[in-house]
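Structure first, commentary second.
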Amino acid sequence: MSSHIITTTWKGNMQFESTNPGGSLMIDTTEEIGGTNNGLRPKALMLSALAGCSGLDVASLIKKMRLEVTDFNIVTEGNLTNTEPQVYDKVTVTYHFYGSNLNEEKLARAVELSVDKYCGVMQMFRAFATVTTEIVYHTI
């Protein structure tokens, strides 16, 4: 059984530095609730983790399938509930692929494999939110 150990250290006021095996980042909140607006937001980081997890899968599959993709990005939108504590109840993950010779069928398969088989963060999100995915192809 493997595990991750993350160390998060209070830096004063409402700011923390969180260090994981790949580096560190600053966490803070808005000035309206006592922060200095000098760091990432914890809930939004969850959406970044979701996009990053799936993105790594898709990038690996693009390479393995030898697909011609000039660029791609993932837009992740999370809907927060109105009740406290606010949690994500709906999440939309939109994959944007750019290129002059996109193989839409294989790219859709790469996304499907990530979403349904490989991305553990996606599976975690599905435990508490409805997750939908979309793919947009941009011919350049």
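The two atoms that bring Thr76 and Ala51 nearest to each other are OG1-CB, 3.4 Å, heavy atoms only. Gln15 approaches Asn38 most closely through the heavy-atom pair NE2-O, 2.7 Å. Heavy atoms only, all atoms of each residue included: Thr81 and Gln86 are closest at O-NE2, 2.9 Å.
Hydrophobic clustering keeps Val58 apart from Val136 (ILVMFWY residues linked when any side-chain heavy atoms are closer than 4.5 Å, directly or through intermediates). In the hydrophobic clustering of ILVMFWY residues, with side-chain heavy atoms under 4.5 Å counting as a link, Val75 and Tyr88 come out apart. In terms of hydrophobic clustering, with Ile, Leu, Val, Met, Phe, Trp and Tyr side chains grouped at heavy-atom distances under 4.5 Å, Leu56 and Val115 are assigned to different clusters. Criterion: ILVMFWY side-chain heavy atoms under 4.5 Å apart, direct or through other members. Under it, Ile74 and Phe125 are part of a common hydrophobic cluster.
Checked against Leu67 for a side chain to side chain contact (heavy atoms under 4.5 Å, CB included), the options Ile62, Leu102, Leu61 give a single hit: Ile62.
Remark: the Asp28 side chain and the Thr36 side chain contain an N/O donor-acceptor pair separated by less than 3.5 Å. Judged by distance alone, the side chains of Ser114 and Ser54 do bring a donor and an acceptor atom under 3.5 Å apart.
Considering CG of Leu113 and NZ of Lys64, their distance stands at 10.0 Å, rounded to 0.5 Å. For the atom pair Met124 CE and Met46 CE, the distance stands at 9.0 Å (nearest 0.5 Å). One finds the CE atom of Met65 at 10.0 Å from the CD atom of Glu105 (value rounded to the nearest 0.5 Å). Separating the NZ atom in Lys90 from the CG atom in Asn79 is a distance of 6.0 Å, to the nearest 0.5 Å. In this structure, Arg41 CZ and Thr30 OG1 are separated by 6.0 Å, a value rounded to the nearest 0.5 Å. If you take NE2 on His138 and CZ on Phe97, they are separated by 10.0 Å, rounding to the nearest 0.5 Å.
Using a 4.5 Å heavy-atom cutoff, the side chains of Ile6 and Ser18 are in contact. In this structure, Ile33 and Met14 have side chains that are not in contact, with every pair of non-hydrogen atoms separated by 4.5 Å or more. Using a 4.5 Å heavy-atom cutoff, the side chains of Leu107 and Val69 are in contact.
Enclosure of atom CD1 in Ile5 is not indicated, since only 12 or fewer non-hydrogen atoms of other residues, nucleotides or ligands lie within 6.0 angstrom. With a 6.0 Å radius and a threshold of 12 heavy atoms from other residues, nucleotides or ligands, Glu77 has its CD atom at or below the threshold. Within 6.0 Å of NZ in Lys63 there are 12 or fewer heavy atoms belonging to other residues, nucleotides or ligands.
Partners of Ala108 according to the side chain to side chain contact (heavy atoms under 4.5 Å, CB included) rule, which considers only residues two or more places apart in sequence or in another chain, are Ile135, Tyr137.
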Report task. Go through Arg109 and Asp116 one step at a time and tell me if the salt bridge (charged side-chain N to carboxylate O under 4.0 Å, His left out) criterion holds. Result -> CA-CA 10 Å; Arg109 179 69 178 142; Asp116 295 335; over 6 Å; no
Please report the C-alpha distance between Val131 and Val93 in whole Å, then the side-chain angles of each, then the deciding distance to 0.1 Å, and finally whether the side chain to side chain contact (heavy atoms under 4.5 Å, CB included) criterion is met. CA-CA 7 Å; Val131 180; Val93 183; 4.2 Å; yes
Q.
Walk me through whether Lys11 and Met26 qualify under side chain to side chain contact (heavy atoms under 4.5 Å, CB included).
A. CA-CA 9 Å; Lys11 303 306 268 183; Met26 299 306 289; 3.8 Å; yes
Q. Stepwise, does the side chain to side chain donor-acceptor pair (under 3.5 Å) test hold for Ser24 with Glu17?
A. CA-CA 7 Å; Ser24 65; Glu17 180 178 19; 3.2 Å; yes
Might you work through the side chain to side chain contact (heavy atoms under 4.5 Å, CB included) test for Thr132 and Val91, ending with a clear yes or no? CA-CA 6 Å; Thr132 58; Val91 175; over 6 Å; no
*asked:* Run Glu68 and Asn103 through side chain to side chain contact (heavy atoms under 4.5 Å, CB included) and show every step you take.
replied: CA-CA 8 Å; Glu68 294 179 39; Asn103 184 326; over 6 Å; no
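Other members of the hydrophobic cluster containing Leu40, listed by chain and number, are Trp10, Phe16, Leu25, Ile27, Leu45; membership follows side-chain contacts under 4.5 Å among ILVMFWY residues, whether direct or relayed.
Looking at Asp57, its side chain does come within 3.5 Å of a backbone N or O of Cys119 through a donor-acceptor pair.
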